Amino acid sequence: MQPARHPPRSLQELLDRAGKLAGFTLGELAALAGIETPSNLRRHKGWTGQLLELWLGAEAGSKPQQDFPSLGVELKTLPIDSQGKPLETTYVCYAPLIGVAGLTWQTSNVRNKLSCVCWVPIEASRHIPPAERRVASAFVWQPSAAQEQAMRQDWEEIMEKIALGEVDSVTARHGEVLQLRPKAADGSALTQAVGPNGGFIQTRPRGFYLKKAFTHAILSDVFEGP
DNA sequence: GCCTGATCATAC
DNA sequence: GTATGATCAGGC
């Protein structure tokens, strides 16, 4: 067992790789890859995702595109509790706050990222040290028509607020399945956004996130049947 | 207990 | 600052 040396050439190869990781702890996978496991993730929040990227052969880097461009697949780890319930919301992508006129759901980064996702659930309750957290069964998901419609509606409502210069009135409570939240190094980070009178304002950068109930439903469809 | 807003590391 | 990978933690 060793990490991938090249990106998977097919969806099946990706699934094969992911399937072999099921049951391993993060500590085991890290040791096999020759990297250290942090004792806690406070200063290593992205460590789990990067470990799985390594094992599955995702292209590293900070590109605003999918993790497996040639397959059109995005990789997402999903922390779950012992009952399979998501412990965290799922980051999707940065949200555009200027130049939003004319953006459509069809060509949005959210839709592109979520059109096909390889989910890798990780048993990651907080009381479990990172090294002992365990990889569960990965699966590939494409949104159903209803799921896409739900995401689209939230996206359109949020983007309309942004276009109207009302981004500062949008909270994480907006949206049924998709939410907009701050996404920055700290509270001092500012970016340009459309303001109330069509001008520009400075505001905290935002990102799109999937709410836990939505990812829970995705898991339920797969593991408990539709 | 859960959620929202804040925060951490890194690459460029 | 933008964007990736996310989790933390106080307030409710």
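Remember, predicted model here, so these are calculated numbers, not experimental data.
In summary, A/R152 and A/E157 do not engage in a salt bridge, as defined by a charged side-chain N under 4.0 Å from a carboxylate O. The pair A/R134-A/E123 fails the salt-bridge criterion, with no side-chain N (NZ, NE, NH1 or NH2) lying under 4.0 Å from an Asp/Glu carboxylate O. Using a 4.0 Å cut-off between charged nitrogen and carboxylate oxygen, A/E148 and A/R111 count as a salt-bridge pair. Classification of A/D168 and A/R206 as a salt-bridged pair holds, one side-chain N sitting under 4.0 Å from a carboxylate O.
Among the atoms of the strands shown, none is found under 4.0 Å from any heavy atom of A/Q202. Among the protein residues, A/K76 comes within range of the sugar-phosphate backbone only, with heavy atoms under 4.0 Å from sugar or phosphate atoms but none that close to a base.
If you check distances only, the side chain of A/K183 never reaches the base of B/dG5 with a donor-acceptor pair under 3.5 Å.
Hydrophobic clustering keeps A/V92 apart from A/L87 (ILVMFWY residues linked when any side-chain heavy atoms are closer than 4.5 Å, directly or through intermediates).
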Item to check | Contact state string [nucleotides 7-12 of chain C, B base, S sugar-phosphate only, - no protein heavy atom under 4.0 Å] | outcome: BBB---

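Protein atom CG of A/L180 is 13 Å distant from nucleotide atom P of B/dA6, rounded to whole Å. Nucleotide C/dT2 holds its P atom 13 Å from the CZ atom of A/R206, rounded to whole Å. Spacing between atom CZ of A/R43 and atom C1' of C/dG5 amounts to 17 Å, rounded to whole angstrom units. If you measure from atom CH2 of A/W47 to atom C1' of C/dT4, you get 18 Å, rounded to the nearest angstrom. Distance CG (A/L190) to P (C/dA3): 16 Å, rounded to an integer number of Å. In this structure, A/I122 places its CD1 atom 15 Å from P of C/dG5, rounding to the nearest Å. Look at CG on A/L87: it is 11 Å from P on B/dC3, rounded to the nearest Å. The nearest whole Å value for the distance from the CG atom in A/L26 to the P atom in C/dA6 is 12 Å.
Remark: the backbone N or O of A/L75 is paired with a side-chain donor or acceptor of A/D67 at under 3.5 angstrom. Of the possible donor and acceptor atoms, one in the side chain of A/Q147 sits under 3.5 Å from a partner among the backbone N and O of A/S144. Under a 3.5 Å cut-off, the side chain of A/Q192 and the backbone N or O of A/F200 do not form any donor-acceptor pair. Using a distance-only test at 3.5 Å, with no hydrogens or angles considered, a donor-acceptor pair links the side chain of A/D154 to the main chain of A/E176. In this structure, the side chain of A/T25 engages the main chain of A/A131 through a donor-acceptor pair within 3.5 Å. At least one donor-acceptor pair closer than 3.5 Å links the side chain of A/W55 to the backbone N or O of A/L29.
Residues of residues 106-116 of chain A that place a heavy atom closer than 4.0 Å to DNA chain B do not occur. Of the residues in residues 151-179 of chain A, not one comes within less than 4.0 Å of DNA chain C through any heavy atom.
Taking the nucleotide of DNA chain B with the nearest heavy atom to each of A/D186 and A/K85, the more 5' of the two is matched to A/K85. The residue among A/K212 and A/G187 whose nearest nucleotide of DNA chain B is located toward the 5' end is A/K212.
Over its length, the helix from B/dG1-C/dC12 to B/dC12-C/dG1 turns its helix axis by 30°, as judged from the five terminal pairs at each end, rounded to 10°.
Taking A/F24 as the reference, nothing meets the ring-ring contact (aromatic ring centres under 6.0 Å, His included) condition, with sequence neighbours excluded. Legend: residues meeting ring-ring contact (aromatic ring centres under 6.0 Å, His included) with A/Y91, ordered by chain and number and at least two apart, are A/Y209.
Neither side chain, A/R9 nor A/Q12, offers a donor N or O lying under 3.5 Å from an acceptor on the other.
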